[in-house]
J.: 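Questions regarding the structure given below will be posed in turn.
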Amino acid sequence: PTDLPSPQEHGLDFQRLLDASPYKEMFRQDMIRWGEEKRHSDPGFFCRAAVEGALQPVWVVSDTRRLSDVEWFRDTYGDVVQTVRVVATEETRKRRNWVFVTGVDDAESECGLDHGVSFDWVITNDGDKVALGEQLEMLVQSLPS
């Protein structure tokens, strides 16, 4: 969509915004605030942006954050929607350089799907590549061919 601000417009390094670096943390609250404003005025804004132009028979929409996102996909696409939650222990997350930040990590943007959603799949990603591979293989095998 053309009304999404580009990182370049704000002089930001897009790749550095994708990791868990201190760089991202400097802008995280502003990004969350901007997203909240967009969702407030148009709850389906980001969902429509995610599927715009998609023609593949199977889509992976990653990083939905709110119940309204899940509801939009279910309302729009019905029973073909499969929800997947990826979990890791707090210990694993800390090993991956995650640090809890009050006001950010307890906000809806980070934990809005912790309650109220019955996930079709829960995948555990604690660093065991074999276990992760087995879980993902089961998920892939369940998809229509």
Side-chain angles (χ1 to χ4, degrees), residues 1-54 56 58-140 142-143:
T2 56
D3 55 350
L4 281 175
S6 70
Q8 295 81 11
E9 281 180 49
H10 300 282
L12 303 178
D13 181 333
F14 179 71
Q15 288 303 316
R16 293 181 69 193
L17 293 173
L18 297 177
D19 61 25
S21 68
Y23 180 86
K24 175 184 174 181
E25 294 307 313
M26 290 189 313
F27 302 102
R28 191 169 175 200
Q29 288 185 325
D30 289 336
M31 291 187 299
I32 291 169
R33 190 174 15 264
W34 177 83
E36 294 301 327
E37 290 169 5
K38 280 293 193 188
R39 279 183 185 83
H40 180 70
S41 65
D42 179 1
F45 177 81
F46 292 105
C47 297
R48 283 191 310 280
V51 300
E52 184 177 304
Q56 297 78 7
V58 174
W59 309 340
V60 175
V61 180
S62 65
D63 215 15
T64 53
R65 300 290 183 111
R66 289 164 182 76
L67 183 57
S68 61
D69 295 340
V70 174
E71 289 171 344
W72 185 89
F73 279 101
R74 286 183 173 157
D75 290 346
T76 303
Y77 297 105
D79 292 340
V80 298
V81 172
Q82 293 283 301
T83 55
V84 180
R85 182 176 180 104
V86 179
V87 298
T89 64
E90 190 169 323
E91 178 182 304
T92 297
R93 296 174 74 200
K94 286 179 180 178
R95 279 197 315 267
R96 294 173 179 159
N97 298 321
W98 172 78
V99 176
F100 182 87
V101 176
T102 301
V104 174
D105 291 305
D106 52 359
E108 183 183 12
S109 65
E110 302 302 313
C111 55
L113 296 177
D114 287 353
H115 307 286
V117 177
S118 176
F119 289 92
D120 299 301
W121 298 87
V122 177
I123 305 292
T124 301
N125 183 11
D126 276 325
D128 182 337
K129 291 180 182 180
V130 173
L132 178 61
E134 290 171 353
Q135 294 171 84
L136 293 175
E137 183 61 28
M138 287 176 44
L139 173 59
V140 169
S142 75
L143 299 174

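Quick caveat: nothing in here was measured; it's all calculated off a predicted structure.
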J.: Any side-chain heavy-atom pair from Val70 and Arg74 closer than 4.5 angstrom?
T.: yes
J.: Between Arg39 and Phe46, is there a side-chain heavy-atom distance shorter than 4.5 Å?
T.: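 Phe46 reaches Arg39 side chain to side chain.
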J.: Identify, with sequence neighbours excluded, every residue that meets salt bridge (Lys or Arg N to Asp or Glu O under 4.0 Å) alongside Glu36.
T.: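 Result, salt bridge (Lys or Arg N to Asp or Glu O under 4.0 Å) vs Glu36: Arg66.
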J.: Test of understanding: with side-chain hydrogen bond (donor to acceptor under 3.5 Å, both in side chains), list the residues that count as partners of Asp75, not counting sequence neighbours.
T.: none
J.: Using the test side-chain hydrogen bond (donor to acceptor under 3.5 Å, both in side chains), find all partners of Asp79 that sit at least two apart in sequence or belong to another chain.
T.: none
J.: Using the side-chain hydrogen bond (donor to acceptor under 3.5 Å, both in side chains) criterion, which residues pair with Thr92? Sequence neighbours excluded.
T.: Thr89, Arg95, Asp126
J.: Does Arg33 have any salt bridge (Lys or Arg N to Asp or Glu O under 4.0 Å) partners at least two apart in sequence or in another chain, and if so, which?
T.: Asp30
J.: Please tabulate, one pair per line, all N/O donor-acceptor pairs under 3.5 Å involving side-chain atoms of residues 130-137, not counting sequence neighbours.
T.:
{"residue": "Gln135", "atom": "OE1", "partner": "Thr124", "partner atom": "N", "Å": "2.8"}
{"residue": "Gln135", "atom": "NE2", "partner": "Thr124", "partner atom": "O", "Å": "3.0"}
{"residue": "Gln135", "atom": "NE2", "partner": "Ala131", "partner atom": "O", "Å": "3.1"}
{"residue": "Glu137", "atom": "OE2", "partner": "Gln141", "partner atom": "NE2", "Å": "2.5"}

J.: Does Asp120 have any side-chain hydrogen bond (donor to acceptor under 3.5 Å, both in side chains) partners at least two apart in sequence or in another chain, and if so, which?
T.: Thr83
J.: Kindly state each residue pair satisfying ring-ring contact (aromatic ring centres under 6.0 Å, His included) with at least one member in residues 99-134, sequence neighbours excluded.
T.: none
J.: Who passes salt bridge (Lys or Arg N to Asp or Glu O under 4.0 Å) against Arg85, sequence neighbours left out?
T.: Asp114
J.: What residue pairs, at least two apart or across chains, pass ring-ring contact (aromatic ring centres under 6.0 Å, His included) with a residue in residues 72-93?
T.: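 Residue pairs with at least one partner in residues 72-93: Trp59-Tyr77.
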J.: Going by side-chain contact (heavy atoms from CB on, under 4.5 Å), Val87 matches just one of Ile123, Val122, Asn125. Which one?
T.: Val122
J.: Please give me the minimum heavy-atom distance between Cys111 and Asp105, naming the atom from each residue.
T.: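 Between these two residues, the closest heavy atoms are SG-O, 4.2 Å.
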J.: Looking at Arg65 and Glu108, is there a salt bridge between them, counting it only when a charged N and a carboxylate O are closer than 4.0 Å?
T.: no
J.: Search all heavy atoms of Ala88 against all heavy atoms of Arg96 and return the closest pair with its distance.
T.: CB-NH1, 3.8 Å
